[in-house]
Structure formats: structure tokens, C-alpha cells
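Okay, so here's the structure we're looking at.
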4 protein chains.
Amino acid sequence: MGQVKQSTTRGRPRSQAAERAIIEGVLRLLEEGVPLAELSIERIARHAGVGKATIYRRWKGKEQLFLAVLGAMDEPEPPLSGTSVREDLVITFEAIRRRGLAKCTSALLHSLLAQAKSYPKLWDLYHDTMVEARRRRILAVLARGTDAGELRDDLDPDLMVDLLCGPMLSRTILQNDAPLPDGLAETIADGVLAGLRPRP
Amino acid sequence: MGQVKQSTTRGRPRSQAAERAIIEGVLRLLEEGVPLAELSIERIARHAGVGKATIYRRWKGKEQLFLAVLGAMDEPEPPLSGTSVREDLVITFEAIRRRGLAKCTSALLHSLLAQAKSYPKLWDLYHDTMVEARRRRILAVLARGTDAGELRDDLDPDLMVDLLCGPMLSRTILQNDAPLPDGLAETIADGVLAGLRPRP
Amino acid sequence: MGQVKQSTTRGRPRSQAAERAIIEGVLRLLEEGVPLAELSIERIARHAGVGKATIYRRWKGKEQLFLAVLGAMDEPEPPLSGTSVREDLVITFEAIRRRGLAKCTSALLHSLLAQAKSYPKLWDLYHDTMVEARRRRILAVLARGTDAGELRDDLDPDLMVDLLCGPMLSRTILQNDAPLPDGLAETIADGVLAGLRPRP
Amino acid sequence: MGQVKQSTTRGRPRSQAAERAIIEGVLRLLEEGVPLAELSIERIARHAGVGKATIYRRWKGKEQLFLAVLGAMDEPEPPLSGTSVREDLVITFEAIRRRGLAKCTSALLHSLLAQAKSYPKLWDLYHDTMVEARRRRILAVLARGTDAGELRDDLDPDLMVDLLCGPMLSRTILQNDAPLPDGLAETIADGVLAGLRPRP
DNA sequence: TAATAATCGAGACGGTACGTCGCGTCTTCTG
DNA sequence: CAGAAGACGCGACGTACCGTCTCGATTATTA
């Protein structure tokens with residue numbers, strides 16, 4: 001996954017210790033507030049006590065490495081309760097909110113967004129791995145909800161995902177330092193489900 | 001706006017031709033599909049037939065320049081009709097959609113998003129200039145709509161903006177190459193306004 | 001002379017101060033006894049307080065630079081007296097001897113010899129500039145000597161040069177740390193002129 | 001001779017095939033015209049189909065290996081006739097001349113000369129093994145010649161060696177591509193023995 | 001009309017990082 | 001054990017840009 005060709009079984013195997021040192025080094029630097037733009041491969045290597053080649057042997061460039069870091073760091077998607085569409089949406093939104101609160105996650109995410117156009121392959125990778133995975137989870141929730149009569153059946157499911165996830169995204173990406181208060185997940189879920197028109 | 005101090009009236013005045021050559025050069029490069037990451041100041045200067053100092057005399061760095069390019073290219077916000085909330089939302093969404101379809105706009109926008117954490121000042125600038133302006137426009141629409149009884153009055157207006165703008169954002173930013181079909185603005189506006197629950 | 005293309009007259013001119021700092025830095029390092037193999041471009045630049053590019057802008061590589069250093073350092077050929085062949089030979093040999101005593105000259109010379117086969121152009125340059133110049137000087141001396149009846153006229157002049165210069169070379173190159181005592185120039189001149197057979 | 005310590009008799013013995021593959025690989029590369037500067041240990045190992053460690057187990061570094069190659073390639077010193085000083089000198093010079101004509105010999109020799117100052121131990125090794133051996137051979141010839149009255153007895157024998165060997169050296173080292181014609185050995189021997197002054 | 005002053009293109013400056021290569025050592029597995 | 005394979009930390013390679021700094025040459029305003 002974004003890795004450089006893994007050699008056959010011959011020769012000295014790659015050091016897992018080095019790999020860990022690199023990834024944890026990046027995390028440590030991000031948590032210390034080092035701006036992403038200052039994370040050169042050279043600095044990462046120095047900080048991890050590792051040769052540059054050891055990095056390039058594993059990843060093709062900074063972005064591939066970042067993706068690996070992102071993968072290493074993020075908590076697994078929380079299990080869905082299945083009791084209702086609303087409940088599952090709240091669980092999902094809450095996971096996004098907590099991720100947005102973590103400094104380094106969002107720094108990396110921003111970086112990835114930035115490089116999307118420059119390195120389409122990288123973006124595709126990220127998109128398939130993270131974005132699309134979530135989209136599919138939500139599509140499943142929606143399908144169940146539509147069957148159960150909890151949701152309208154006259155809308156394109158893909159569009160519904162955007163309607164649901166967009167607001168959270170707006171908060172975490174566009175607003176930068178917008179507050180992500182405790183009840184946000186519930187509020188948004190309820191808002192989207194009920195719509196903005198006055199209730200009869 | 002991001003400009004470096006303009007000197008007094010003594011000496012040779014700055015060449016507007018040079019300024020145009022720079023900005024249009026960047027646009028041309030972007031339209032040729034040059035990835036943003038390869039747009040070095042050096043290359044921009046070479047391509048515009050201009051000395052590097054001529055760029056630095058005007059903008060403090062690459063990002064400042066990009067911001068200027070963004071401004072130069074950006075069509076003005078369309079006038080709102082005022083007939084109804086739905087109508088004004090559709091007009092606004094349509095503007096976003098058209099911007100998202102333009103190759104270089106979105107490339108620049110992605111770049112800016114990327115550097116937000118790294119260069120907070122730049123991000124603030126962009127945020128204040130573009131994002132916040134739109135937010136205020138929509139807040140005004142919402143205020144009128146609430147007064148007119150077209151909208152619920154039990155939701156935080158700031159949250160409503162996210163509910164409204166998020167979906168469009170999801171399409172243009174996160175989905176990367178998602179289709180932005182013709183009726184999208186209307187569909188989204190109607191979806192958010194009505195909510196996802198089945199209508200009674 | 002081994003230099004990289006000098007640009008036209010436009011732009012900022014090359015700093016002579018930097019050039020001096022580089023060459024004198026190399027000399028200083030050599031005099032401190034730093035082995036030639038440890039004279040990396042990187043180290044030279046660091047030691048001279050200069051960017052690497054400033055070196056590469058002037059010379060194509062380490063060897064070109066060394067050649068410049070060699071040129072910068074060596075004293076001009078001493079004037080010949082013209083009184084006799086023997087006298088002129090002694091003067092020439094004495095210059096070679098003194099050069100051989102200087103630590104860094106011989107280090108550089110060894111380096112150049114080493115790279116002869118690898119970089120034929122460099123060697124040609126050195127050969128034409130230094131070796132051939134001396135050869136021509138001696139050929140002139142020999143021509144005068146032959147005319148004056150001081151020398152045999154049945155030998156190829158080119159061969160005579162080898163007969164004369166070879167011994168000095170053997171001492172300085174091959175013997176490495178052979179003594180180069182004070183009267184050496186005279187002894188060798190007399191030996192070659194008289195031959196090794198017993199005198200009648 | 002420059003070898004690394006041979007281990008005791010336990011375990012798998014060193015493969016002579018590997019050793020031959022290495023040395024012959026170097027020779028093949030040199031004959032193909034690969035510049036000495038491009039003969040990295042890594043390349044030699046690859047070319048010989050051998051692990052790097054197999055080389056380091058035998059020699060301490062590139063130079064030690066080169067010395068071994070030189071030794072492997074080197075034809076033995078030719079037997080001296082003993083009939084006269086002139087005859088023995090001609091035999092010796094002819095051996096030097098033939099060696100100078102061989103491409104890879106001279107490449108290696110140049111390399112060794114180059115590294116003399118950098119790796120004094122290596123140079124000493126080469127000097128003792130090759131240079132000094134020849135010097136002693138010639139000293140023996142001279143001693144016999146002096147006893148037999150064929151040579152002057154008023155010159156330092158060490159100096160006489162330089163007078164005799166220098167010219168050949170000048171041709172093979174300094175002149176680079178100077179012709180080494182067939183009768184050269186005789187011509188030089190006669191020239192040095194008779195001296196350059198006109199004969200009475 | 002000259003002097004002054006800031007700009008222009010050009011390109012050199014000291015730096016930092018790039019991605020590659022070779023060093024000599026080490027760690028794995030196979031014979 | 002030695003063999004090949006190849007990863008390891010290290011450091012140099014030569015290139016590209018960074019943002020700053022001279023250059024000589026323009027182009028305005030001020031004296």
C-alpha cells in the first residue's frame with residue numbers, strides 16, 4: 001500500500017525497529033508543532049537516527065511516508081450500533097470530530113489534500129483507503145435506513161452521503177479553528193435528517 | 001492585500017506589464033497542467049521573462065503570489081435575487097460549482113488549504129477574504145429566510161451554514177473528480193432544506 | 001583553462017573573493033595534512049564558507065579545481081642564465097626539487113597523475129600546461145647546447161629530455177620520501193652529461 | 001601481502017573460485033576500458049557475482065585488492081644475462097616498456113601512485129614489493145659493473161639507479177601516450193652510459 | 001538638462017534539501 | 001562456518017530552489 005517493491009526473501013530483512021523509529025519520529029515532530037512544510041526527509045531521518053536510504057527503501061517520497069504515518073496513527077472505525085440511522089450517523093460523525101481535534105491527523109490530512117492534484121496516484125490511494133471506505137460504510141447505513149423506512153427513497157444515495165458528511169467536513173477543513181463542541185455530532189445528524197424548513 | 005510595501009513616488013515606477021506577465025504566466029502554466037508543486041518562483045520568473053526580484057518586490061512568497069493569482073482570476077460573487085432562500089442558495093451553490101469545474105482555481109485552492117497549518121497568516125488571509133465573505137452572504141440570506149418564516153428558528157445560524165455549504169464542499173474537495181452535474185445546485189438546496197426523512 | 005563557461009557580461013559578476021577563499025582554503029587544508037582523498041567538494045565549500053554551487057559554477061569537478069589550485073600556487077619558472085647547458089639544467093632541476101619539497105604541490109601532482117587515465121581531458125590539460133612547457137624550455141636549452149658543441153648531436157632531442165628529466169622525476173615521484181639534498185641538481189646534471197662509464 | 005588474517009582451519013574453507021572471479025572480473029573491467037575511478041567495490045562484487053563481504057574478508061579495501069590484482073597480472077622479472085651491465089639494463093628496461101604498453105597495468109599503477117599520500121601504508125607496500133625489488137636488482141647489476149670496471153666508481157649507487165631508471169619512467173608515466181618504440185631500451189641504456197657530451 | 005532614485009533582467013551568493021550511490025558493517029538464509 | 005543477498009548508518013555526489021544581493025541599463029520625477 002504505497003510501499004516500494006518488497007524484495008524477495010533473500011538478504012537481510014528490513015528492520016522493523018527502523019520503520020517504527022521513522023513513523024514515530026514523524027508523529028513526535030508533528031506533536032511538537034513542527035510545520036509540515038519543514039518536515040524534510042533529511043530532518044526526519046536525522047530525528048529518527050536513520051539513514052535517508054532507509055526511508056527511500058520503504059517509501060517513494062514524503063507523501064507515501066505521510067500516508068503510512070496516517071495509517072499507523074488512526075484509530076479503527078468505531079463499530080456501528082445498527083439501532084437506527086441516526087444512531088449510526090452520530091457514531092460516525094463523532095469519530096470524525098475526534099480525529100479533527102487531533103493536531104497531527106489534521107495536519108497530515110491537509111497536506112494530502114494539497115498534494116492531490118500534484119500527485120494523483122497518492123490522492124487516489126488516500127481516497128480509496130480512507131474516504132471511500134467511510135463512504136461505503138455510510139452507504140450501507142443508508143441502505144438499511146431506506147429499507148426500514150427511516151429515510152426518503154427519492155434521493156441518489158451518493159448525494160445523500162454528501163449531504164450528511166459535508167457539514168462535518170466544513171467544520172473540520174474549511175473553518176480551520178472552528179469549535180468542535182461536544183454535542184456536535186448529534187446536532188448535525190438531527191439537522192440534516194430533519195431539514196431546515198420549519199416543521200409543520 | 002498580501003502585497004509588499006509600495007514605495008513613495010520617487011524613482012522608476014513598477015511595471016504593470018511585468019505584473020501582468022507574472023500572473024498570466026502562472027495561469028498559463030496551470031492550464032498547461034503543470035502540477036502546483038512544480039511551480040517554483042524560479043520557474044515562474046523564467047516563464048514570465050522576469051527577474052526573481054521583480055516577484056519578491058511585489059509578494060512575500062509563493063503563497064502570497066498564489067493568492068493574488070486567485071484574486072485575479074476569480075469572478076465576482078453573483079448577485080442574489082432575494083426572491084426566496086432556496087433561490088439564493090441555488091445561485092450561491094451554482095457559483096461554487098462553476099469554480100470547482102475550473103482546473104486552476106481548484107488547484108490553487110487545494111494548495112492554499114494545504115498550507116493553512118504551515119502558514120497561519122496566509123490561511124487567515126484566504127479565510128477572511130473568501131471563505132468568510134461567503135459565509136456572511138449566506139448568513140444574510142438565512143436571516144432574511146428566518147424572518148420570513150422560510151426556515152426553522154431553533155438552529156444556530158453558523159451551524160446552518162455548515163449544513164448548507166458542506167455538501168458542495170464534499171463534492172468539490174473530497175471527491176476530487178466527482179461529477180458536478182448541471183442540476184446539482186438545485187438538488188442539494190432542496191435536499192438540505194427538506195431533510196432526509198420521508199415526508200409525511 | 002579548465003574553467004566552466006564564463007557567462008556573458010549580464011548579471012552579477014562572479015565574486016573574486018569567493019574564488020580566492022576556495023583556492024586558499026584548499027591550500028590550507030593540504031598544509032594541515034588533510035589527505036587528498038578526504039577533500040570532498042562539500043568539505044572544501046564548508047571550509048571556505050561558500051556554497052557548493054559557487055564551486056561548481058567555476059569548475060566542473062574536483063580535478064578541475066585541483067588544477068586551478070596547482071596553477072595558483074606554483075611559482076613561475078625561474079629565468080635561465082644562458083651561460084651553459086649545465087647551468088640552465090641545474091636551475092631547472094633545482095626548481096623541480098624545490099617543488100617536490102612542498103607538501104601540497106606533490107600531493108596535488110600525485111592526484112593528477114592518478115586521474116590521468118580516468119579523465120583524459122584533465123590530464124591533457126595538465127600535460128600541455130605544465131609538463132610540455134617544461135619540455136619545451138629544455139628543448140630550447142638543448143638546441144643552444146648542440147649548436148655550441150656542448151652536446152652530442154646524434155641523439156633524438158626528445159629522448160634527451162627524458163634522459164635529463166627522468167632522474168629528478170624518479171626521486172620525486174617514485175621514491176616518495178627520498179631525500180632531495182641540497183646539491184642534487186648539480187649532481188644529476190653532471191651525471192647525465194658525463195655518462196656512467198669510467199672517464200678515460 | 002596486504003591480505004586480511006586468514007582464519008584457522010575450522011569451518012568452510014574460502015572458495016578459490018570466488019577469489020579468481022573477483023580478480024579476473026577486475027581485469028576484465030579494466031580491459032573494457034572502465035575508468036579506475038568507477039571501479040567501486042559494489043560494482044566489482046556485482047560483476048563477479050559475489051557478495052561484498054567476500055571481498056572484504058580477503059582484502060581491507062579497494063587498494064589492497066588492486067595490489068593483489070597487480071600482483072596476479074604481473075609477469076615475473078626476466079632473468080638477467082650477466083654478460084654485461086648494458087645487456088642487463090636493456091633486459092630490465094624492456095620489461096618496463098612492455099609493462100607500460102599494457103593498458104590495465106599502467107592504469108593500476110597510476111592509481112597506486114595517486115593514493116600514495118592518502119594511504120601511506122599501501123604505498124609502502126607497493127614500494128617495498130615492486131619498486132624496491134627492482135631497485136635492488138639494478139643495484140646488484142651496478143655493483144658487478146663497478147667491480148668489472150664497466151662503470152664509474154665515484155657516484156652514489158642510489159643516484160645511479162635514478163639516472164638509469166628515470167628516463168624510462170618519464171616516458172611511461174609522464175608522457176602518457178608517448179611512443180614506446182622497439183629499440184627504446186637499447187637507446188636509453190646507451191645514452192645514459194655514454195652521457196650527453198660529445199665524444200672526444 | 002542634469003541629477004537622483006527606484007525599477008528592470010540577469011545571474012551570483014550562502015544555504016538547505018533533494019534523491020542516488022558507494023562505503024564498510026551487519027544480519028538473514030542456504031549450502 | 002563461508003557463501004549471496006541485501007539492509008544498515010553514514011556521508012558525498014551534483015542539481016534545484018530558496019530569498020538576498022549586486023551588476024549595468026532603463027525610466028520616471030525633481031532640481
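The chains referred to below are lettered A, B, ... by the order of the sequence lines, with proteins before strands, and numbering in each begins at 1. This is a predicted model, so every value here is computed, not measured.
- Comparing E:dC23, F:dC17, E:dG19 by their closest approach to the side chain of B:Ser40 singles out F:dC17.
- The A:Ala53 side chain lies nearest to F:dC10 when the options are F:dC18, F:dC10, F:dC13.
- Residues C:Glu42 and D:Ala18 both approach DNA chain F. Their nearest nucleotides, taken by heavy-atom distance, put D:Ala18 toward the 5′ side.
- Side chains of D:Glu32 and D:Leu29 form a contact here, defined as non-hydrogen atoms less than 4.5 Å apart.
- Between D:His47 atom NE2 and E:dG22 atom C1' there is a gap of 18 Å when expressed in whole angstrom units.
- The side chain of D:Thr54 sits closest to F:dG3 out of F:dG3, F:dC18, E:dG14.
- Whole-Å rounding puts the D:Gln64 CD to E:dG24 P distance at 11 Å.
- Rounded to the nearest 0.5 angstrom, A:Ile44 CD1 and A:Leu39 CG are separated by 5.0 Å.
- Going from atom CD1 of B:Ile44 over to atom P of E:dG9 covers 14 Å, rounded to whole Å.
- Both B:Lys62 and D:Gly51 lie near DNA chain F, and the one whose nearest nucleotide falls closer to the 5' end is D:Gly51.
- Listed here is the closest heavy atom pair of B:Arg58 and B:Ser15: NH2-O, 2.9 Å.
- Here E:dG22 presents its C1' atom at 8 Å from OH of D:Tyr56, a figure rounded to the nearest Å.
- OP1 or OP2 of F:dC17 has at least one side-chain nitrogen or oxygen of B:Arg46 nearer than 4.0 Å.
- No more than 12 heavy atoms of other residues, nucleotides or ligands shown are found within 6.0 angstrom of CD on D:Gln16.
- Between the P atom of E:dT28 and the CZ atom of A:Arg10 lies a distance of 17 Å, rounded to the nearest Å.
- We find that NZ of A:Lys52 is positioned 12 Å from P of F:dA12, with the value rounded to whole Å.
- Looking at heavy atoms from C-beta onward, D:Leu67 lies out of side-chain contact with D:Glu63 at the 4.5 angstrom threshold.
- Across all strands shown, D:Gly61 has no heavy atoms under 4.0 Å from either base or sugar-phosphate atoms.
- Counting non-hydrogen atoms under 4.0 angstrom, C:Arg57 reaches a base of the nucleic acid.
- Taking all atoms of both residues into account, the shortest heavy-atom contact from B:Ala21 to B:Ala48 is O-CB, 3.7 Å.
- Listed nucleotides: E:dG22, E:dC18, F:dC8. Nearest to the side chain of A:Arg12: F:dC8.
- For E:dT7, the OP1/OP2 oxygens have a side-chain nitrogen or oxygen of B:Arg14 closer than 4.0 Å.
- When each of A:Pro13 and B:Ala48 is assigned the nucleotide of DNA chain E with its nearest heavy atom, B:Ala48 is the one assigned upstream, toward the 5' end.
- Rounding to whole angstrom units, CD of residue D:Gln16 and C1' of F:dG3 are separated by 15 Å.
- Distances from the side chain of D:Val50 to the nucleotides F:dC18, F:dA4, F:dG9 place F:dA4 closest.
- Rounded to whole angstrom, the span from the CZ atom of D:Arg58 across to the P atom of F:dC1 amounts to 16 Å.
- The 5' end of DNA chain E is approached more closely, in terms of each residue's nearest nucleotide, by C:Ile55 than by the other of C:Ile55 and A:Gly11.
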